[in-house]
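Sequence lines set the chain letters: A, B, ... in the order given, protein chains first and strands last, and positions in each chain run from 1.
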2 protein chains.
Amino acid sequence: MKLALYQGPGLINDPAASFLLLAEKAREAKAQGANLLILPEMFLSGYNIGPENARKHAVTQQGLAPAQAIAQAQNIALAFGYPERVGADVANSAILLGPDGKILLNYRKSHLFGELDRAMFKAIGDEFPIAELHGFKIGLLICYDIEFPEPARRLALQGADIILIPTAQMQPYEQVARHVLPARAYENQVYTAYANHSGDDDGLSYVGLSSICGPDGTVLAMAGRGPEMLFAEFTHAHQNAVRAADPFFTDRRPSLYGPVSSP
Amino acid sequence: MKLALYQGPGLINDPAASFLLLAEKAREAKAQGANLLILPEMFLSGYNIGPENARKHAVTQQGLAPAQAIAQAQNIALAFGYPERVGADVANSAILLGPDGKILLNYRKSHLFGELDRAMFKAIGDEFPIAELHGFKIGLLICYDIEFPEPARRLALQGADIILIPTAQMQPYEQVARHVLPARAYENQVYTAYANHSGDDDGLSYVGLSSICGPDGTVLAMAGRGPEMLFAEFTHAHQNAVRAADPFFTDRRPSLYGPVSSP
């Protein structure tokens with residue numbers, strides 16, 4: 001399977017233009033043979049938009065119909081972040097659409113980042129769903145979630161082969177892009193794709209440095225600071241070889257890990 | 001507190017010479033103002049020595065009296081690995097001695113690495129003890145333990161400020177040295193010191209690349225491939241500032257992490 005990752009500045013408070021950008025990037029990715037395109041957190045509205053705009057642009061999954069049409073038209077799977085209306089609340093969500101436009105996964109960010117997130121969103125998410133695409137089991141996390149080892153571990157324990165992470169990762173947290181992502185890939189023997197914004201956004205300075213990592217922790221592709229499209233091939237053969245060489249999941253000793261999940 | 005880290009080739013099957021080397025490196029570290037010196041896994045005997053030699057050189061904690069005398073004579077804390085005799089078994093252990101020579105911590109590797117470890121050692125360890133030195137709470141892990149997120153997390157949840165990791169880390173696992181260590185430091189907001197062997201050892205090619213990382217994931221010092229002494233300053237002020245800026249441990253959601261500790 002070939003993965004494409006788009007890093008770029010968000011189109012702030014302009015979902016209509018964001019759908020057009022999504023269509024353009026889906027075409028570009030498909031032209032390069034990609035089967036799946038991942039884009040940043042809150043791609044449809046921009047991230048740092050404040051609670052009023054987050055509420056204004058929040059949609060239910062039905063509001064993603066234009067993206068479903070794009071996926072189907074280009075025959076490419078799409079993963080991106082958006083503000084989700086959930087009853088009276090807004091969740092920071094990410095969706096995975098199949099190449100037929102169907103919704104495969106919807107994930108709600110479970111770890112909110114500081115006042116920035118908490119002013120806009122509720123942490124409605126306490127599920128870590130998994131879907132299958134081209135024989136790979138895929139899970140979603142969003143930004144701050146990946147800085148905690150436990151959510152990625154949960155996905156891996158549920159059998160995830162790939163973790164897709166739309167993000168809006170700003171200075172001074174460059175260590176996350178440089179080290180935490182390859183570490184998560186290595187320790188869980190999964191492919192990771194971490195799709196960030198670039199540029200500045202109302203006082204935030206995004207680090208860029210989006211990455212795609214392999215199940216042995218190798219950085220397969222890493223972006224610079226500006227807009228960029230990354231590509232990488234994921235194969236079952238490589239992932240199986242990594243897992244066969246190092247049986248991390250049989251060497252784990254969960255009976256020693258009780259305090260990790262104790263309240 | 002000033003930490004010193006010694007990376008070098010092990011002295012294979014020669015504990016007497018290893019104690020002499022320990023005395024020499026303790027003097028060097030002390031001359032640079034260090035309060036604590038960490039050395040590699042199985043420093044006293046060499047690592048890749050096979051089960052017969054591991055048994056032959058295994059000692060109880062009483063057998064570490066020469067190291068206690070060195071710590072006391074140089075007034076420096078020492079942490080290093082050794083084969084520990086535990087009843088009829090041998091554990092892959094690490095000790096932390098105070099600057100007065102007293103034993104502060106003894107840790108037994110809880111995650112054995114492949115047939116190499118299993119042929120020599122029993123995984124007797126299921127405790128993660130912590131001791132205090134210069135106001136820092138210190139825990140020990142050994143090599144493969146750090147590749148799992150859970151043991152370091154346990155130590156951090158018990159209040160560890162510093163995790164010392166004697167190691168014998170070989171090719172092709174360079175991602176661990178480059179990425180997993182800074183990630184563990186970052187996600188747990190702890191100082192880490194990862195002291196590796198250098199050179200070759202009966203078919204193993206050690207990666208070197210020992211490191212000292214800060215609680216924000218910054219690599220404070222990293223060795224090359226050969227013998228080297230690293231130094232870094234640890235301060236409460238910096239660690240407190242990192243923890244105040246990002247409340248990872250109040251943002252955790254342990255109620256979601258049950259599967260991580262499920263058998």
Could you tell me how the ring of A:His111 sits relative to the ring of B:Tyr257: parallel (under 30°), tilted (30 to 60°) or perpendicular (over 60°)? parallel

Between atom CD of A:Gln175 and atom SG of B:Cys213, what is the distance when rounded to the nearest 0.5 Å? 8.5 Å

Let me know if A:Leu157 has heavy atoms under 4.5 Å from chain B in its side chain, its backbone, both or neither. side chain

In terms of heavy-atom pairs under 4.5 Å, which option from A:Gln158, A:Glu147, A:Arg178, A:Glu127 contacts chain B the most? A:Glu147

Apply the side-chain contact (heavy atoms from CB on, under 4.5 Å) test between B:Glu150 and each candidate in A:Glu187, A:Arg252, A:Glu150; give the one that qualifies. A:Arg252

Crowded around B:Lys2 NZ? As in, over 12 foreign heavy atoms under 6.0 Å? yes

Tell me, out of A:Leu112, A:Thr218, A:Asp216, A:Leu256, who's got the most heavy-atom pairs with chain B below 4.5 Å. A:Leu256

Measure across B:Ser262 and A:Pro254 and return the closest heavy-atom pair with its distance rounded to 0.1 Å. O-CB, 3.4 Å

So which of A:Gly217, A:Pro149, A:Ala183 has the biggest tally of heavy-atom pairs under 4.5 Å with chain B? A:Pro149

Residue from A:Asp251, A:Asp126, A:Val180, A:Leu181 scoring the most non-hydrogen pairs under 4.5 Å with chain B is A:Asp251

Give, as side chain, backbone, both or neither, the part of A:Tyr186 having an atom under 4.5 angstrom from any heavy atom of chain B. side chain

Bottom line for A:Pro259: the part with an atom under 4.5 Å from chain B's heavy atoms is both

Chain B contact via A:Ala123 - side chain, backbone, both or neither, heavy atoms under 4.5 Å: both

Can you tell me which of A:Arg184, A:Arg153, A:Glu174 forms the most heavy-atom pairs within a distance under 4.5 Å of chain B? A:Arg153

Identify which of B:Asn188, B:Val176, B:Val260 forms the greatest number of heavy-atom pairs closer than 4.5 Å to chain A. B:Val260

Less than 4.5 Å to any heavy atom of chain A: does that hold for the side chain of B:Phe148, its backbone, both, or neither? both

Which region of B:Asp246, side chain (C-beta onward) or backbone (N, CA, C, O), has a non-hydrogen atom less than 4.5 Å from a non-hydrogen atom of chain A, or is it both or neither? side chain

